[in-house]
Amino acid sequence: MQHFTLAKHRLGDAYRTAVSSLTSASGESRFVESGTLTPQEFLEAGDQLAFKFPTWRWESGDPSRHGSHLPSDRQYLITRNVPCRTRVRALDYAIDHQTQTEDDWLLPPVTSGAPAAGEELRDVDDLAAGGRGGEASGSGGLGLVMDAQDDFLSSPPAGGGGGGAAASGLPDFSDLDAQLQEEDSSACPAAASTRATVGSDCFVVADAPDANIVHTRTYDLSITYDKYYQTPRLWLFGYNESGEPLKPEEVYEDVLSDYVAKTVTVDPHPLTGTPTVSIHPCKHAQVMQKVVADWIEQGITPRHDLALFVFLKFISGVVPTINYDFTMEIEF
């Protein structure tokens with residue numbers, strides 16, 4: 001069955017590639033109606049992500065593989081050396097017993113602990129409609145809240161004035177890397193040492209410098225624009241604890257099993273040609289459309305430049321142990 005699914009995927013991808021190569025990218029925005037992005041909207045969303053989270057940056061890739069619908073120096077986004085400390089197998093049992101599925105998507109893991117007795121876990125469709133029930137988000141909710149205010153995530157005005165996040169009272173994420181480094185530094189325990197006695201003298205013998213280093217897998221994550229589906233697409237390239245590339249089956253250890261060989265497959269990266277694990281974009285627009293509809297019902301003007309923040313949030317339900325997601329909370 002798995003071989004049939006993969007064969008069907010390969011055939012479908014060949015067809016979509018052929019269609020994309022023969023058609024031009026649409027410049028008409030349909031973000032509100034269908035949840036899709038034009039190439040220009042993808043660029044603006046990518047600029048917003050890279051501005052607020054500098055670990056993400058634009059790359060050009062292989063010039064022979066460039067798409068004419070995007071600038072040569074902004075073909076895709078990438079963030080490198082993202083830690084993945086644990087395998088996802090430990091979550092599979094909990095997911096099987098605590099979540100529901102629909103349309104091959106699962107609800108991202110609840111971060112606030114086990115659900116209360118009788119509490120219903122929601123799938124992605126419910127997630128997208130979460131605000132419609134009138135329930136306020138709080139510590140008992142899903143922990144996925146983004147207030148898309150008019151001035152939220154906007155770039156600071158020329159001259160470095162008091163606009164943007166600072167003016168609205170929202171946290172300033174522009175120096176997030178430095179903040180995370182400070183937190184990591186303060187949280188890291190001091191190097192252990194032992195005492196040794198030689199005769200009447202007592203010495204403090206420090207442990208080896210790397211004695212307290214936790215070796216972990218890391219991932220390079222990239223986001224490309226899928227011309228056929230007109231949505232972002234996420235790619236995962238992993239390294240083991242020794243820095244050697246992971247095999248596809250090893251990458252699958254960090255993907256929830258319900259998605260393996262369904263929405264997660266190995267394909268040539270469109271800008272490097274390297275076989276890379278990717279999350280298929282066939283349902284991305286559907287989820288985004290529901291988020292947009294929820295924003296409209298709440299009286300919030302939909303903003304395509306927030307699309308990648310939402311995208312990364314719902315993708316985190318597929319690869320929950322890859323710790324790339326330090327964005328603010330989002331309400332679907």
Side-chain angles (χ1 to χ4, degrees), residues 6 9 13 46 49-50 53-65 74-92 95 108-109 176-181 183-185 187-189 208-226 232-281 308 311-327:
L6 288 173
H9 165 75
D13 259 7
L49 179 65
F53 298 98
T55 54
W56 287 95
R57 68 178 189 180
W58 288 105
E59 291 280 340
S60 61
D62 183 348
S64 66
R65 295 176 172 272
R74 291 192 292 167
Q75 289 284 305
Y76 69 104
L77 289 151
I78 189 166
T79 182
R80 293 185 169 88
N81 300 318
V82 179
C84 180
R85 296 182 175 85
T86 58
R87 307 288 69 78
V88 81
R89 292 193 197 95
L91 298 179
D92 274 337
I95 292 296
L176 182 64
D177 286 344
Q179 296 174 22
L180 291 176
Q181 289 173 7
E183 291 175 4
D184 289 344
S185 176
C188 182
D210 61 350
N212 295 302
I213 294 177
V214 177
H215 295 282
T216 183
R217 286 184 176 184
T218 59
Y219 278 87
D220 293 345
L221 309 181
S222 58
I223 303 173
T224 61
Y225 179 76
D226 190 285
R233 182 170 184 172
L234 187 71
W235 302 79
L236 315 166
F237 194 88
Y239 302 87
N240 65 19
E241 292 79 355
S242 300
E244 300 171 345
L246 296 175
K247 298 176 182 178
E249 54 269 24
E250 293 175 311
V251 175
Y252 288 160
E253 294 173 353
D254 297 320
V255 177
L256 287 182
S257 59
D258 281 38
Y259 295 108
V260 173
K262 292 182 180 179
T263 54
V264 179
T265 54
V266 180
D267 299 288
H269 191 285
L271 274 309
T272 66
T274 304
T276 308
V277 173
S278 76
I279 299 175
H280 204 268
L308 291 184
F311 169 76
L312 289 172
K313 272 298 180 184
F314 71 74
I315 289 297
S316 68
V318 181
V319 286
T321 60
I322 301 179
N323 300 321
Y324 71 84
D325 184 19
F326 46 74
T327 60

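Computed from a predicted model, the values in this text were never measured in an experiment.
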Q) Does a side-chain heavy-atom distance below 4.5 Å link Leu256 with Val318? A) no
**Q.** Side chain proximity check, Asp220 to Val82, heavy atoms < 4.5 angstrom
**A.** no
**Q.** Main-chain N/O of His280 paired to Thr263 side chain as donor or acceptor, under 3.5 Å
**A.** no
Q. Where do Pro83 and Thr216 come nearest, in terms of heavy atoms and distance?
A. CB-CG2, 4.5 Å
Q) Do you know which of Lys247, Arg217, Arg87 makes side-chain hydrogen bond (donor to acceptor under 3.5 Å, both in side chains) with Glu253? A) Arg217
Q | Side chain to side chain, Arg233 and Asp267, heavy atoms closer than 4.5 Å | A | yes
Q: Determine, stepwise, if the pair Val88 / Val319 fulfils side chain to side chain contact (heavy atoms under 4.5 Å, CB included).
A: CA-CA 8 Å; Val88 81; Val319 286; over 6 Å; no
**Q.** is_close_aromatic(Tyr76, His269), centroid dist under 6.0 Å
**A.** yes
Q. Please walk me through it: do Leu221 and Ile78 pass side chain to side chain contact (heavy atoms under 4.5 Å, CB included)?
A. CA-CA 6 Å; Leu221 309 181; Ile78 189 166; over 6 Å; no
Q. Taking atom CD1 of Ile223 and atom CH2 of Trp58, what is their separation to the nearest 0.5 Å?
A. 8.5 Å
Q) What's the spacing between Ile279 CD1 and Phe311 CZ if we round to 0.5 Å? A) 7.0 Å
Q. Going by heavy atoms in the side chains, are Leu308 and Leu77 under 4.5 Å from each other?
A. yes
Q: Considering non-hydrogen atoms only, spot the tightest contact between Gly273 and Pro268 and give its length.
A: O-CB, 4.0 Å
Q) When rounded to the nearest 0.5 angstrom, what is the spacing between CZ in Arg65 and OG in Ser60? A) 13.5 Å
Q: First locate atom OG1 of Thr272, then atom CH2 of Trp235, and finally report the distance between them rounded to the nearest 0.5 Å.
A: 8.0 Å
Q: Please examine the side chains of Ser222 and Phe237, heavy atoms only from C-beta on, and report whether any two atoms are closer than 4.5 Å.
A: no
**Q.** Nearest-0.5 Å distance that lies between atom CG in Leu234 and atom OG in Ser278
**A.** 8.5 Å
(Q) Quick check for you: to the nearest 0.5 Å, what is the distance between Arg85 atom CZ and Ile322 atom CD1? (A) 12.5 Å
Q: Compare every heavy atom of Pro281 with every heavy atom of Pro232, then report the nearest pair and how far apart it is.
A: O-CB, 3.8 Å
Q.
Strictly distance-based, threshold 3.5 Å: is any side-chain N or O of Tyr239 a donor or acceptor partner for the main-chain N or O of Asn81?
A. no
(Q) Is there a side-chain contact between Leu246 and Asn240 in this structure, where contact means two heavy atoms from C-beta onward sitting under 4.5 Å apart? (A) yes
Q: Ignoring hydrogens and angles, tell me if any N or O in the side chain of Thr276 forms a donor-acceptor pair with the backbone of Thr274 under 3.5 Å.
A: yes
(Q) Is the shortest side-chain heavy-atom distance between Trp56 and Leu312 below 4.5 Å? (A) yes
Q) Val266 versus Tyr252: any side-chain heavy-atom pair under 4.5 Å? A) yes
Q.
Donor-acceptor pair, distance only, cut-off 3.5 Å: does the side chain of Thr321 make one with the backbone of Thr86?
A. yes
Q) So, for Val251 and Gly238, which heavy atoms are closest and what is the spacing to 0.1 Å? A) CG2-N, 4.5 Å
(Q) Please check this pair: side chain of Thr79 against backbone of Thr55, looking for a donor-acceptor N/O pair closer than 3.5 Å. (A) yes
